[in-house]
Amino acid sequence: MDAAMSKPIIRLDAVSKTFQAPRGGGMVEALREISLDVRPGEFLSIIGPSGCGKSTLLSLVAGFLSPSAGEILFEGKPITGPAPERGVMFQDYALFPWRTVIGNIEFGPFARGVGRRARRDKAGELAELVGLKGFEDRYPHELSGGMRQRCALARLLANEPKVWLMDEPLAAVDLQTRIILQDELLRLWGDGVESADRPTVVFVTHGIDEAVLLADRVVVLARRPGRIKAVIDIDLPRPRAPLRSVPEVARIVDQLWSVIRDEAAMAIAEEGN
Ligand SMILES: Nc1ncnc2c1ncn2[C@@H]1O[C@H](COP(=O)(O)OP(=O)(O)OP(=O)(O)O)[C@@H](O)[C@H]1O
Ligand SMILES: [Mg+2]
C-alpha cells in the first residue's frame with residue numbers, strides 16, 4: 001500500500017499550545033496552528049531552532065500535554081493521555097536509576113501486568129537485539145551514554161508501540177556512537193525491508209544531516225511561536241545506512257539549511273535580547 005494514500009496514523013489539526021510562564025511571567029505561545037498528517041510507517045523528522053516547540057509537539061502527541069486549541073487524533077480518535085501504543089524516548093527521559101538494564105526494559109510490560117516469566121524473556125531478547133547482551137544486570141550509572149540510549153530504545157521496543165516518539169535521542173552521545181546508533185535505529189525500524197507494519201517514527205533532532213539520512217519527510221518548524229515553515233520529502237532510496245557519504249545527501253542538507261538559516265539566525269538574535 002502506498003503510505004501517501006493511506007489514512008494518517010496521527011493527525012494534528014490546527015494545534016496550538018500556550019504555556020503560563022513560571023514565576024508570574026506572561027503567557028508563552030509555544031506552537032501556533034500546527035496542522036500535520038503523519039502517515040503510517042513513515043519516518044518523520046522534525047527540525048527547527050531551539051525553543052520553537054519541538055519537544056512540546058512530541059509531548060502533545062505522547063499525551064503528556066493537551067493542546068490549548070485544535071485537536072490531535074491517533075488512528076482517528078482524540079489523544080487523551082499517554083498509551084503504550086505511543087512509545088517515547090526522550091533525551092532527558094532518564095532510565096530508572098534503581099532498576100537494572102533488564103528492570104528498565106521490562107518496566108512497560110510490568111506496568112501493563114505482563115507475567116514475570118514472559119516479560120523477563122522478552123526483555124532478555126531485547127537487550128540482545130540492541131547490543132546489551134552481558135550488561136543485563138548493570139545499573140544505568142554503570143553504563144556508557146551510548147549504552148543508556150540502547151537501553152532506552154529497548155525499553156521503548158518492549159511495549160511494541162505503533163509509534164516511536166523520539167526527542168533528540170542521540171544528542172548526548174559522541175559522534176561515532178551516534179553513527180552506530182543511527183544505523184541500529186534504522187535496522188530496528190526495518191529500513192529497506194518490505195513490511196506492511198513498520199512502526200511510525202517522529203524523530204526530533206538538531207542534526208539536519210541526521211534528519212535527512214533517516215527520514216522520509218522532514219518538517220521544518222519556524223521559531224517561536226512554532227509554525228510549520230516547510231515539509232520536505234526526502235526521496236532517497238532505502239536502506240539509508242550505505243548513503244551516509246553520497247553527495248546527494250549533502251545536497252539535500254544544503255537545501256534544508258538554506259530554508260532554516262534565517263530562522264536560526266533570528267532565533268539566536270531574539271534569545272540575546
Ligand atoms: N512547561 C512549560 N512551561 C512554560 N513554558 C514552557 C514549558 N515547556 C516549554 N515551554 C516553552 O515553550 C517554548 C517551546 O519549548 P520546547 O521545549 O518545546 O522547544 P524545543 O523546540 O524543544 O527547544 P530545544 O531545541 O531547545 O529543545 C519555549 O519557549 C519554552 O520555554
Ligand atoms: Mg526540545
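Indexing begins at 1, ligand by ligand and atom by atom, following the structure's order.
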For G53, the ligand 1 atoms whose distance to one of its heavy atoms is below 4.0 Å | 14 (C), 16 (P), 18 (O), 19 (O), 20 (P), 21 (O)

The closest protein heavy-atom partner of atom 26 (O) of ligand 1 is S50 OG, 2.6 Å

Find all atoms of ligand 1 within a distance of less than 4.0 Å from any non-hydrogen atom belonging to Q20, and give their numbers and elements.
-> 4 (C)

Got an N, O or S from S55 under 2.8 Å of the Mg ion (ligand 2)?
-> yes

Got the closest protein heavy atom to atom 27 (O) of ligand 1, with its distance?
-> E168 OE2, 3.6 Å

Can you spot which of E168, Q182, E210 makes a side chain to side chain donor-acceptor pair (under 3.5 Å) with T205?
-> E210

Give a yes or no on this: more than 12 heavy atoms of other residues, nucleotides or ligands lie within 6.0 Å of atom CD of Q20.
-> yes

Which protein heavy atom lies closest to atom 17 (O) of ligand 1, and at what distance to 0.1 Å?
-> S55 CB, 3.8 Å

Nitrogen or oxygen of C52 less than 3.5 angstrom from that of ligand 1 = yes

Transitive ILVMFWY side-chain link V61 to V38, under 4.5 Å = yes

Hey, which atoms in ligand 1 end up nearer than 4.0 Å to a heavy atom of G51?
-> 13 (C), 14 (C), 19 (O), 20 (P), 21 (O), 23 (O), 24 (P), 25 (O), 26 (O), 28 (C)

of all protein heavy atoms, closest to atom 12 (O) of ligand 1 is A30 CB, 3.5 Å

What are the atoms of ligand 1, with element, lying closer than 4.0 Å to any heavy atom of H206?
-> 25 (O)

Transitively linked via ILVMFWY side-chain contacts under 4.5 Å: V202 with I228?
-> yes

Just checking, is any N or O donor in the side chain of D137 or T100 under 3.5 Å from an acceptor N or O on the other one?
-> no

R99, CZ: over 12 other non-hydrogen atoms inside 6.0 angstrom | yes

Nearest neighbour in protein (non-hydrogen) for atom 4 (C) of ligand 1 = F19 CB, 3.3 Å

Ligand 1 atoms in contact with T56 (distance to a heavy atom under 4.0 Å) = 14 (C), 15 (O), 16 (P), 18 (O)

With F96, which of F110, F107, Y139 fulfils ring pair (Phe, Tyr, Trp, His ring centres under 6.0 Å)?
-> F107

Top protein contact for atom 25 (O) of ligand 1, by heavy-atom distance | K54 NZ, 2.7 Å

Could you give the distance from OG (S144) to CD (Q149), rounded to the nearest 0.5 Å?
-> 9.5 Å

Under 4.0 Å from atom 8 (N) of ligand 1, do we find at least one protein heavy atom?
-> yes

Looking only at protein heavy atoms, which one is nearest to atom 29 (O) of ligand 1, and how far off is it?
-> R224 NH1, 2.9 Å

Considering only protein heavy atoms, which is closest to atom 30 (C) of ligand 1, and at what distance to one decimal place?
-> V28 CG1, 4.8 Å

Indicate, with yes or no, if L73 and V15 share a hydrophobic cluster defined by side-chain heavy-atom contacts under 4.5 Å among Ile, Leu, Val, Met, Phe, Trp and Tyr.
-> no

Got more than 12 heavy atoms from elsewhere within 6.0 Å of CZ, R261?
-> yes

